[in-house]
Amino acid sequence: MRTIEELEAKLAEPSAQLIEDMKNIEGDIMLLGVAGKMGPSLARLAMNAIRAAGVNKRVIGVSRFSTPETREELEAAGVETIPCDLLNDEALQSLPDCPNIIYMAGNKFGTTGREWFTWAMNSYLPGRVAEKYKNSRIVVFSSGNIYPFTPVAHGGATEATPPGPIGEYAQSTLGRERVFEYFSNTYNIPMAIYRLNYAIDLRYGVLLEVAKSVNEGKTIDLSMGHANVIWQGDANEIAIRSLLQCSSPPNILNVTGPETLSMRWLAKEFGKRLEKEPVFVGKESEEALLNNASKSFQLFGYPKVSTLQMIDWIADWVKQGGSTWNKPTHFQEREGKY
């Protein structure tokens, strides 16, 4: 991939399985918080799957749309958009009903110093949304950050691992889950809680950060020596298909790639492709923030894009000076401060 257009097309390319599932998802789909990192490509993917399935459905994207270009691009792709500050209750209540909700709203970076806003977004707002959409099915975006660190050799936290959030972002994210869980049990709302670890795009993500560090001769901190990643197109597809896996109490799903990836190994792989020698600092800890996504693989199959394919794409992207977003993952953070 050489251009943004090629990247966006790849991210929005539906699989045969998604197209088939789209035929079985009844009604329109609304994305709350559509203007974040993943939302626009997810919305376009849903539209392409609808067209390929030959069904009549709307995709509705809701956001503040602080960047007008995002709204214009979504409208051009056939997505209906509604500008809305979800924390404004009058605006929230004015939104149309919709049978399928993908809830992507939340706050992570900038939590430190504005903890009050993060808790409002991540733990208060979910209750208002659940009340509003108590007759819908809801896929709730969450995070692997709600888990404690686990030993690298143990295969990562499963859905049965008790939460152990570190820091206020992770705590408020668990709060999001618990509030949605309360309303699911109270109103029998079918839900899936989608615990994601590190989606990868060519413009941001763990792999890009490692590749750029190698290319620019910057040190790579090995203290968080391992991670899980998944191609954003695959992660988006799982989110949409999870609408058919909702239940009450909520169905919990870890979403990430199958490998426990070594940062040292990743840096060396990028070093080969970029013809640069990685520079390391520190040493690998025995524990890391890791998810075991075996359950999602059983339901949806393995991700279509492999780790080596992502490495090749990102190395080429860095070589050619491809456009990137200033949205660091802070995957190295071990104290939960964002």
Checklist entry - Where do Lys295 and Leu253 land on the side-chain contact (heavy atoms from CB on, under 4.5 Å) test, with the steps shown first? => result CA-CA 7 Å; Lys295 179 179 175 181; Leu253 296 169; 3.8 Å; yes
Any donor-acceptor pair under 3.5 Å linking the side-chain atoms of [Y] with those of [X]?
| X | Y | answer |
| --- | --- | --- |
| Asn107 | Thr118 | yes |
| Arg195 | Asn254 | no |
| Asn236 | Ser41 | yes |
| Glu69 | Thr67 | no |

Item to check | Contacts of type salt bridge (charged side-chain N to carboxylate O under 4.0 Å, His left out), residue Arg64, not counting sequence neighbours | outcome: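 Scan of Arg64 (salt bridge (charged side-chain N to carboxylate O under 4.0 Å, His left out), adjacent residues dropped) gives none.
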May I ask you to decide if [Y]'s main-chain N or O and [X]'s side chain share a donor-acceptor pair within less than 3.5 Å?
| X | Y | value |
| --- | --- | --- |
| Ser285 | Ser223 | yes |
| Glu181 | Pro250 | no |
| Asn48 | Ala12 | yes |
| Glu8 | Ile4 | no |
| Ser213 | Lys218 | no |
| Trp317 | Ser323 | yes |
| Ser172 | Tyr169 | yes |
| Ser63 | Phe65 | yes |
| Asp234 | Lys304 | yes |
| Asn228 | Asn291 | yes |

Next on the checklist: Going by side-chain contact (heavy atoms from CB on, under 4.5 Å), name the residues that satisfy it together with Gln245, two or more places apart in sequence or in a different chain.
Outcome noted: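 With sequence neighbours excluded, Gln245 shows a side-chain contact (heavy atoms from CB on, under 4.5 Å) to Asn251, Leu299, Phe300, given in chain and number order.
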Checklist entry - For Asp312, which residues count as a side-chain contact (heavy atoms from CB on, under 4.5 Å) partner, sequence neighbours excluded? => result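 Checked Asp312 against side-chain contact (heavy atoms from CB on, under 4.5 Å); matches are Arg273, Gln309.
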With a 4.5 Å heavy-atom cut-off, do [X] and [Y] have their side chains touching?
| X | Y | answer |
| --- | --- | --- |
| Trp231 | Lys10 | yes |
| Phe297 | Pro303 | yes |
| Ile166 | Leu289 | no |
| Val152 | Glu284 | no |
| Leu308 | Glu269 | yes |
| Ile314 | Phe270 | yes |
| Ile102 | Tyr194 | no |
| Asn135 | Asp97 | no |

Looking at [atom1] of [X] and [atom2] of [Y], how far apart are the two atoms once the value is rounded to the nearest 0.5 Å?
| X | Y | atom1 | atom2 | answer |
| --- | --- | --- | --- | --- |
| Arg137 | Cys246 | CZ | SG | 7.0 Å |
| Leu244 | Asn24 | CG | CG | 6.0 Å |
| Glu237 | Ile19 | CD | CD1 | 8.5 Å |
| Arg203 | Gln232 | CZ | CD | 7.5 Å |
| His154 | Thr260 | NE2 | OG1 | 11.5 Å |
| Lys134 | Ile189 | NZ | CD1 | 8.0 Å |

Give me the atom names and distance for the closest heavy-atom approach of [X] to [Y].
| X | Y | value |
| --- | --- | --- |
| Ala211 | Val318 | CB-CG2, 4.0 Å |
| Ser184 | Met191 | CB-SD, 3.8 Å |
| Asp28 | Asn100 | O-ND2, 2.9 Å |
| Ala105 | Leu86 | CB-CD1, 3.9 Å |
| Arg176 | Pro126 | CG-CG, 3.7 Å |
| Arg44 | Glu73 | NH1-CB, 4.4 Å |

Connected via hydrophobic side-chain network under 4.5 Å: [X] and [Y]:
| X | Y | value |
| --- | --- | --- |
| Leu11 | Leu74 | no |
| Tyr147 | Leu261 | no |
| Val129 | Val139 | no |
| Val210 | Leu208 | yes |
| Met121 | Leu95 | yes |

Next on the checklist: Let's go through Met104 and Val34 carefully: what are the C-alpha distance in whole Å and the side-chain angles of both, what is the deciding distance for side-chain contact (heavy atoms from CB on, under 4.5 Å) to 0.1 Å, and is it a yes or a no?
Outcome noted: CA-CA 7 Å; Met104 308 180 76; Val34 72; 5.7 Å; no
Checklist entry - Is a salt bridge present between Glu131 and Arg128, judged by a nitrogen-to-oxygen distance below 4.0 Å? => result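 No, Glu131 and Arg128 are not salt-bridged.
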Next on the checklist: I'd like to know if Glu80 and Arg58 make a salt bridge, using a cut-off of under 4.0 Å between side-chain N and carboxylate O.
Outcome noted: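 A salt bridge links Glu80 with Arg58.
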Item to check | Steps toward side-chain contact (heavy atoms from CB on, under 4.5 Å) verdict (Ile138, Phe183) | outcome: CA-CA 11 Å; Ile138 306 175; Phe183 283 95; over 6 Å; no
Taking atom [atom1] of [X] as the centre, does the number of heavy atoms from other residues, nucleotides or ligands within less than 6.0 Å exceed 12?
| X | atom1 | answer |
| --- | --- | --- |
| Glu90 | CD | no |
| Phe117 | CZ | yes |
| Glu75 | CD | yes |
| Gln298 | CD | no |

Checklist entry - Looking at Tyr103 versus Phe180, is the centre-to-centre ring distance below 6.0 Å? => result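 Yes, the ring centres sit under 6.0 Å apart.
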Next on the checklist: Would Ile230 and Ile238 count as a side-chain contact (heavy atoms from CB on, under 4.5 Å) here? Give the steps.
Outcome noted: CA-CA 11 Å; Ile230 183 170; Ile238 291 170; 4.1 Å; yes
Checklist entry - Given Leu207, which of Leu266, Leu202, Asp201 fulfils the side-chain contact (heavy atoms from CB on, under 4.5 Å) condition? => result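 When Leu266, Leu202, Asp201 are each tested with Leu207, the side-chain contact (heavy atoms from CB on, under 4.5 Å) holds only for Leu266.
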